[in-house]
K.L.:
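This is the structure, below, for whatever I ask next.
If you read the sequence from its start, that first residue is 1, and numbering goes on from there. Just follow the structure's listing: the first ligand is 1, and inside any ligand the first atom is 1.
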Amino acid sequence: MSYEEVILDHWRHPRNKGRLSQPDAAAVEANPLCGDVVRIELKTAEGKVAEARFEGEGCAISQAASSLLTELIQGKSVAEAAALTDEDLLRALGGVVRTRLSCALLPLRALRKALAGLREGTPPG
Ligand code: FES
């Protein structure tokens, strides 16, 4: 699928959108350029991301990237999720135009914040 097809597919049919009842980790990130926000929530079990959800208000790219990210990390170990690079997500999206990188990477910043909270034992907000 091309980049446009991936974005449209996830934007029209978002995966894992919503909230978890008792997440083990959660974080919100805002894009300072536009104010759009994405929230990522995780439930972990035996060192793995058992469930991932997202919620947000924003452009198609940020919402589609959030949907795709939840698919990428579900079932992975927490360490693998933490090791996910910007390039990994951009590659899964099929490449993103340079001017929209902050949109595409917004959910990854939220994920890293959520995982940092998990490591530090901060209760999810
Ligand atoms: Fe705000 Fe894309 S325009 S995240």
K.L.:
So if I count the atoms of ligand 1 from 1 in the order they appear, which ones are less than 4.0 Å from some heavy atom of Arg100?
P.N.:
2 (Fe), 3 (S)
K.L.:
Does a side-chain heavy-atom distance below 4.5 Å link Glu41 with Phe54?
P.N.:
no
K.L.:
Any N/O/S atom from Cys103 (main chain or side chain) under 2.8 Å of atom 2 (Fe) of ligand 1?
P.N.:
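Of the N, O and S atoms in Cys103, at least one lies under 2.8 Å from atom 2 (Fe) of ligand 1, which means yes.
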K.L.:
In terms of heavy-atom contacts, does CD of Glu71 have more than 12 from other residues, nucleotides or ligands at under 6.0 Å?
P.N.:
yes
K.L.:
Looking only at protein heavy atoms, which one is nearest to atom 3 (S) of ligand 1, and how far off is it?
P.N.:
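For atom 3 (S) of ligand 1, the nearest protein heavy atom is Asp36 OD2, 3.4 Å.
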K.L.:
Does Glu51 come within less than 4.0 Å of Arg53, counting only side-chain N to carboxylate O?
P.N.:
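A salt bridge links Glu51 with Arg53.
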K.L.:
Taking the side chain as every heavy atom from C-beta outward, state whether Leu108 and Asp88 have any atom pair closer than 4.5 Å.
P.N.:
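Heavy-atom side-chain distance check fails, nothing below 4.5 Å.
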K.L.:
Quick check for you: to the nearest 0.5 Å, what is the distance between Ile61 atom CD1 and Leu93 atom CG?
P.N.:
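Ile61 atom CD1 to Leu93 atom CG measures 8.5 Å (nearest 0.5 Å).
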K.L.:
Give the atom numbers and elements of ligand 1 that come within less than 4.0 Å of a heavy atom of Cys34.
P.N.:
1 (Fe), 3 (S), 4 (S)
K.L.:
Whether the side chain of Gln74 engages the backbone of Ala52 through a donor-acceptor N/O pair (distance < 3.5 Å, no angle test) should be reported.
P.N.:
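Yes; judged by distance alone, with no hydrogens or angles, the pair exists.
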K.L.:
Distance under 4.0 Å to a non-hydrogen atom of Cys59: what atoms of ligand 1 satisfy this?
P.N.:
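What qualifies from ligand 1 is 2 (Fe), 3 (S), 4 (S).
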K.L.:
Taking the non-hydrogen atoms of Asn31, is any one of them nearer than 4.0 angstrom to ligand 1?
P.N.:
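Under 4.0 Å: yes for Asn31.
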K.L.:
With atoms numbered from 1 as shown, which atoms in ligand 1 lie under 4.0 angstrom from a non-hydrogen atom of Ser62?
P.N.:
4 (S)
